[in-house]
There are 2 protein chains.
Amino acid sequence: MGADSKAGQGGESLLFLTDEQLRKGIEAMFFAYRAFTADPDRILENYDYGRAHHRAIHFIHRQPGLTVNALLGTLGVTKQSLNRVLRTLVDDGLVEARVGRRDKRERNLFLTEKGALLERELSDAQRARMRAAYRAAGPAAVAGFRQVLEAMMDPDIRRQYQAIKDGAA
Amino acid sequence: MGADSKAGQGGESLLFLTDEQLRKGIEAMFFAYRAFTADPDRILENYDYGRAHHRAIHFIHRQPGLTVNALLGTLGVTKQSLNRVLRTLVDDGLVEARVGRRDKRERNLFLTEKGALLERELSDAQRARMRAAYRAAGPAAVAGFRQVLEAMMDPDIRRQYQAIKDGAA
DNA sequence: TTGGAAAGTCAACATCGCTGACATAAAATC
DNA sequence: GATTTTATGTCAGCGATGTTGACTTTCCAA
C-alpha cells in the first residue's frame, strides 16, 4: 500500500509523508515492538529475570569478552543499573566476569554454558517471530525494513551497529 | 555469517534467513526503537510525564471519545496502571473524561486544547524522525518496513491496527 | 429486582531506570 | 615514587510504571 496506490483512503499518491502515513508508521513501531518483546518476556518470567537481563545476555553473547564499560555504552544505562543485573547473572552462574589480561581493572564478560542455554532459548523465540514476519513480507520488504530502522537510529549507535554488522562471527 | 553469503557485507541475495541476518534484525529493532522513543522522552521530562502519558495521549488523539476500557485494551495494561496516568492527565487539564451518553458508566476520553497542544509537540518530534528515516530510505523501503512490522504484530492487535488504518482521519 | 459490567480507588509489591556518594584496584602520568 | 585518573563495585534512596487483590459506586440489562 501507500506510495503508489493512487486510490485508497487518504489520497497519498506520491506524497507518502502525510501526517497520517507517519502516524501509521509510529503506531506500527509501537505495536510491533510490543509483540517483539512479548515472547522473551514470557520466557524470562520462568527464570525471574527481566528485559534488562535479556539485553545483557544478548550483547555478551554477541561479543564475548566485552568489558563492562563497553556493555554500558551499548545498553545506554548507568553502571549502577547494569551492575544490579550483572550481579544476579554472575551469582546465578550464567555469566562469567574474568579479570582483564592487559588491564586488570577491566572485567571481560562471557556466557557460561548455562548462560548460553538461556540465550538460545530467548533468541530462538525472538528469531522465530522475526523469521515468520520476514517470510510473510518477503525479501524485498526485509531489505526496506532494515534500511528504515537503520536510518532511524542515532548516528553513534548506527555506527556501532554497523561495525558488528556481519562481523563478530 | 558465512556459508551462504557470497558477497562481502550484505550478500543476503536469496537466503536472507540465516541466524546472523535474523540477529541483525533483532538488534535493529532494539536500537531503532530506543531512538524512536528518545525524542518524546526528552520532551516529556519538561512536563514531568512519562512514556505512559504519551501513549494515552496518542491514542486519545487518534480516536477521540474512546472509552477507558477500549484504551485499556489498546495499551495492554491494567486499569489500575492506566488510572494513575489518566488521573494526572485529567487533573492537569489535558484530558477530559465525559460521562457516556448511551451508557453513563462509560467515560469518553477527549483531549482538551492543552492536551492537544502537548500531543502536537510530541508527535511533531516523533514524526520528524520518522520522516527523515523515510526520506533516507525511500518509498520502496518504507513499504517493506510497514509490511514487516505488521507481520510481526500479534494477530488481534494487527486487526485493531488495520481497522483504523486510514480511517479515524 | 438483581446480576454483572464499567469505572475508580487503596494498598502493596517488583522491575528497572536514575542520582549521589564512596571504596578499591590498577593503570597512567607527573 | 607519589599522584591522578580510570574501571569497577556497592550502598542508599528515589521515581515511573507495571503487577495483584480487594472493595465501592454506578448503572445497564435481563
Side-chain angles (χ1 to χ4, degrees), chain A residues 30 33-34 37-38 40-60 65-92 95-110, chain B residues 30 33-34 37-38 40-60 65-92 95-110:
Chain A
F30 171 63
Y33 193 77
R34 193 170 58 188
T37 54
D41 282 355
R42 263 189 297 276
I43 293 168
L44 288 159
E45 266 180 22
N46 306 328
Y47 296 87
D48 254 47
Y49 292 139
R51 239 177 248 186
H53 300 84
H54 181 191
R55 293 199 279 260
I57 288 174
H58 173 97
F59 287 107
I60 294 171
L66 94 170
T67 64
V68 173
N69 229 9
L71 183 53
L72 233 47
T74 302
L75 295 177
V77 297
T78 58
K79 94 187 144 165
Q80 293 91 330
S81 201
L82 175 58
N83 197 258
R84 184 167 37 194
V85 165
L86 221 42
R87 203 187 332 166
T88 72
L89 290 175
V90 170
D91 287 353
D92 295 355
V95 168
E96 194 189 345
R98 292 185 208 150
V99 171
R101 286 198 310 162
R102 282 177 339 203
D103 188 333
K104 291 184 191 165
R105 288 170 308 181
E106 296 181 341
R107 301 297 142 92
N108 295 111
L109 302 170
F110 299 89
Chain B
F30 171 63
Y33 193 78
R34 193 169 58 187
T37 55
D41 282 355
R42 264 188 297 274
I43 293 168
L44 289 159
E45 267 180 20
N46 305 327
Y47 297 87
D48 253 50
Y49 292 138
R51 239 176 248 187
H53 300 85
H54 181 192
R55 292 198 281 261
I57 288 173
H58 172 97
F59 286 108
I60 293 171
L66 92 170
T67 64
V68 173
N69 227 13
L71 184 53
L72 233 48
T74 301
L75 294 177
V77 298
T78 59
K79 97 185 141 165
Q80 292 91 330
S81 199
L82 175 59
N83 198 259
R84 183 167 35 196
V85 164
L86 223 42
R87 203 186 333 166
T88 73
L89 291 175
V90 170
D91 288 352
D92 295 354
V95 167
E96 195 189 344
R98 293 185 207 149
V99 170
R101 285 197 311 163
R102 283 176 338 204
D103 187 332
K104 291 185 190 164
R105 288 169 307 181
E106 295 181 342
R107 302 296 141 95
N108 296 110
L109 302 170
F110 300 88

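Values below: all heavy atoms of this structure, side chains included; hydrogens, waters and symmetry mates excluded. Each chain gets a letter, A, B and so on, in the order its sequence line appears, and its residues count up from 1.
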Pick out the pairs of N or O atoms, protein on one side and nucleotides 25-30 of chain D on the other, that lie under 3.5 Å.
from	atom 1	to	atom 2	distance (Å)
D:dC28	OP1	B:K104	N	3.3

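Taking atom NZ of residue A:K79 and atom P of nucleotide C:dT19, one finds them 12 Å apart after rounding to whole Å. Per the geometry, CD belonging to A:Q80 stands 15 Å off C1' belonging to D:dG15, to the nearest Å. The CG atom of A:N83 sits 14 Å away from the C1' atom of D:dA12 (whole-angstrom rounding). Taking atom CG of B:N108 as the reference point, atom C1' of C:dA6 lies 12 Å away to the nearest angstrom. Whole-Å rounding puts the B:L44 CG to D:dG15 P distance at 18 Å. Protein atom CD of A:E106 is 16 Å distant from nucleotide atom C1' of C:dT24, rounded to whole Å.
Remark: B:G50, B:R51, B:A52, B:H53, B:R55 in residues 50-60 of chain B come within less than 4.0 Å of DNA chain D through at least one heavy atom.
For A:R84 and D:dG9, a side-chain-to-base donor-acceptor distance below 3.5 Å is absent, hydrogens and geometry of angles not being considered.
A side-chain donor-acceptor contact under 3.5 Å links A:R51 and A:T37. One side chain, A:Y49 or A:D92, offers a donor N or O that lies under 3.5 Å from an acceptor on the other.
Under the side chain to side chain donor-acceptor pair (under 3.5 Å) criterion, B:R42 pairs with B:D39, not counting sequence neighbours.
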